[in-house]
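So the structure is just underneath, and the comments pick up after that.
Numbering of residues begins at 1 and proceeds along the displayed sequence.
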Amino acid sequence: MSNRVALVLGSGGARGYAHVGVIRELEARGYEIVAVSGASMGALIGGLWATGKLEEYCNWAENIDYLEMIRLMDISLSKPGVIKGEKLFSRIREIMGSHRIEELAVPYTAVATSLSTRKEVWFQRGDLVTAIRASCAIPSLFNPVEMQGQLLVDGGVLNPLPMAPAGSAMADMVVAVDLLGEAKPDLHKSLSKEDESESVLEGWFRKLSGNKKEKQPEAALLDSLNLMDVSNQAMEVMQESLSRYKMAGYLPDVHISVPRNICQFYEFHRFQEIAETGRQLAVKALDQWEAEKTDQPHALLEADSV
């Protein structure tokens, strides 16, 4: 069975932890990942895997405490983004190390968006952490990255699911993980622990946007939303449309669709359950793909082997 995979990892904030579960399931089944492309959180998880540091990062993400999280939030309301990102990406560099993309063991592409040229920027050479930081620079939240006279922001602005780089990979199949899948009723509620205290990031975002945690009447829909909610939902509406457009031109062999309501984009404290949900979705998608390959007529299989 073909097992060389070109892996495409989409953007989506904390939902990106589902990528971890997908990678774990692919490797458990003996698939060989031979190329990675990603946008935003997909670029981060893909880069960590490519440097062999994914599990080290996961261990940190599972165990990060309140004080370290606060320390990493270097807030600056006078800048283009409310988080400068210096401390956070310094910590990521400590975990990942310094690497040049062209020296990685597999072809790697991180996608960012240039505000200067209004075009996608593909990082396939140069410093890996810088590429990831540019790809993850969510507008208004993180400071843009200035490079060679351009201002670079989140790759998901123009390409939330970067399929095109996978087309040139020496792979047997393309696996795409879309973090903007159709919402499932009550999914977010069912995944949350009823007695779980408010996360550090959730409380911080609510204070930033002036929203209280108390529930609002259903009729007062506008009053139930804060600035971050509206901004994030508007971004996701745009990205869903772009993802469909990208897959229309480059259809993956295996499409793993992660429901967009699996969590809020800032719920990074839910690492274990999000990663496990990603693994379960990968199991379902790969089981279906493998069954279809097995059910092909023998004559066709023999012709392929000639």
Side-chain angles (χ1 to χ4, degrees), residues 7 9-28 33 36 38-75 81-101 104-106 108 110 127-138 141-143 145 154-155 177 179 191-193 196-205 258 262-279 282:
L7 187 59
L9 304 177
S11 65
R15 289 190 298 273
Y17 284 152
H19 294 323
V20 175
V22 173
I23 290 172
R24 287 173 173 172
E25 183 61 23
L26 284 169
E27 293 185 329
I33 300 171
V36 180
S40 198
M41 194 65 176
L44 172 60
I45 298 299
L48 286 160
W49 175 85
T51 58
K53 296 295 185 178
L54 180 57
E55 291 305 323
E56 183 176 337
Y57 172 86
C58 291
N59 183 62
W60 172 72
E62 287 181 81
N63 296 289
I64 186 171
D65 61 24
Y66 178 91
L67 292 177
E68 183 171 6
M69 182 65 75
I70 292 298
R71 184 180 65 81
L72 293 175
M73 297 294 104
D74 48 354
I75 301 168
V82 295
I83 300 175
K84 290 186 286 187
E86 297 290 342
K87 294 180 179 179
L88 176 60
F89 284 96
S90 291
R91 182 69 183 99
I92 289 173
R93 189 180 291 276
E94 288 176 9
I95 295 171
M96 185 182 294
S98 294
H99 300 269
R100 293 191 63 81
I101 296 172
L104 296 175
V106 300
Y108 169 90
D127 181 67
L128 177 60
V129 175
T130 300
I132 292 170
R133 181 172 179 176
S135 186
C136 291
I138 301 172
L141 184 58
F142 284 98
N143 280 352
V145 172
D154 196 310
V177 188
L179 302 181
L191 285 174
S192 299
K193 299 176 182 177
E196 185 174 46
S197 60
E198 184 178 51
S199 75
V200 175
L201 281 178
E202 183 178 1
W204 184 80
F205 278 120
V258 179
I262 188 177
C263 67
Q264 298 294 334
F265 83 100
Y266 50 75
E267 291 186 311
F268 289 94
H269 63 294
R270 299 173 61 193
F271 173 87
Q272 289 183 331
E273 57 190 305
I274 298 170
E276 175 58 21
T277 300
R279 190 193 67 80

Can you name the nearest heavy-atom pair linking Leu44 to Cys136, along with the distance?
CB-SG, 4.4 Å
Partners meeting side-chain hydrogen bond (donor to acceptor under 3.5 Å, both in side chains) with Ser40 (sequence neighbours left out):
Asp154
How about Ile262 and Ile274: do any of their side-chain heavy atoms sit closer than 4.5 Å?
yes
Apply salt bridge (Lys or Arg N to Asp or Glu O under 4.0 Å) to Arg24 and list each qualifying residue two or more places apart in sequence or on a separate chain.
Glu55
Quick check for you: to the nearest 0.5 Å, what is the distance between Leu179 atom CG and Cys263 atom SG?
9.0 Å
Residues at least two apart in sequence or cross-chain that pass side chain to side chain contact (heavy atoms under 4.5 Å, CB included) with Asp127, listed by chain then number, are Arg93, Val129, Thr130
When rounded to the nearest 0.5 Å, the distance separating CE of Met41 from CZ of Arg15 is 11.0 Å
Would you call the rings of Tyr17 and Phe271 parallel, tilted or perpendicular, where under 30° means parallel and over 60° means perpendicular?
perpendicular
Which atom of Gly47 lies closest to which atom of Ile132, heavy atoms considered:
CA-CD1, 4.3 Å
List for me each residue that meets side chain to side chain contact (heavy atoms under 4.5 Å, CB included) alongside Ala131, sequence neighbours excluded, and say none if there are none.
Ile101, Ala110, Phe123
Is the shortest side-chain heavy-atom distance between Leu26 and Leu7 below 4.5 Å?
yes
Begin with the C-alpha distance, continue with both residues' side-chain angles, and end with the deciding distance and a verdict on side-chain contact (heavy atoms from CB on, under 4.5 Å) for Leu128 and Tyr108.
CA-CA 9 Å; Leu128 177 60; Tyr108 169 90; 3.4 Å; yes
Partner set under salt bridge (Lys or Arg N to Asp or Glu O under 4.0 Å) for Glu27, not counting sequence neighbours
none
Report the distance from atom CG of Leu48 to atom CD1 of Ile92, rounding to the nearest 0.5 Å.
7.0 Å
Roughly how far, to the nearest 0.5 Å, is CD1 of Ile95 from OG of Ser90?
11.5 Å
Non-hydrogen side-chain atoms of His19 and Trp49 separated by less than 4.5 Å
no
Tell me the closest heavy-atom pair linking Val20 and Ala275, and the distance in Å.
CB-CB, 4.3 Å
Glu56 side chain to Lys53 backbone, donor-acceptor under 3.5 Å
no
Sequence neighbours excluded, the answer for salt bridge (Lys or Arg N to Asp or Glu O under 4.0 Å) partners of Arg100 is Glu102
Taking salt bridge (Lys or Arg N to Asp or Glu O under 4.0 Å) as the definition, give me every residue that meets it alongside Glu276, ordered by chain and number, with sequence neighbours left out.
Arg279
So, using ring pair (Phe, Tyr, Trp, His ring centres under 6.0 Å) as the criterion, who are the partners of Phe89 when residues are at least two apart?
none
Closest approach of Gly46 to Val36 (non-hydrogen atoms, all atoms of both residues)
CA-CG1, 3.7 Å
Taking the side chain as C-beta and beyond, is there a heavy-atom pair between Phe142 and Leu88 under 4.5 Å?
yes
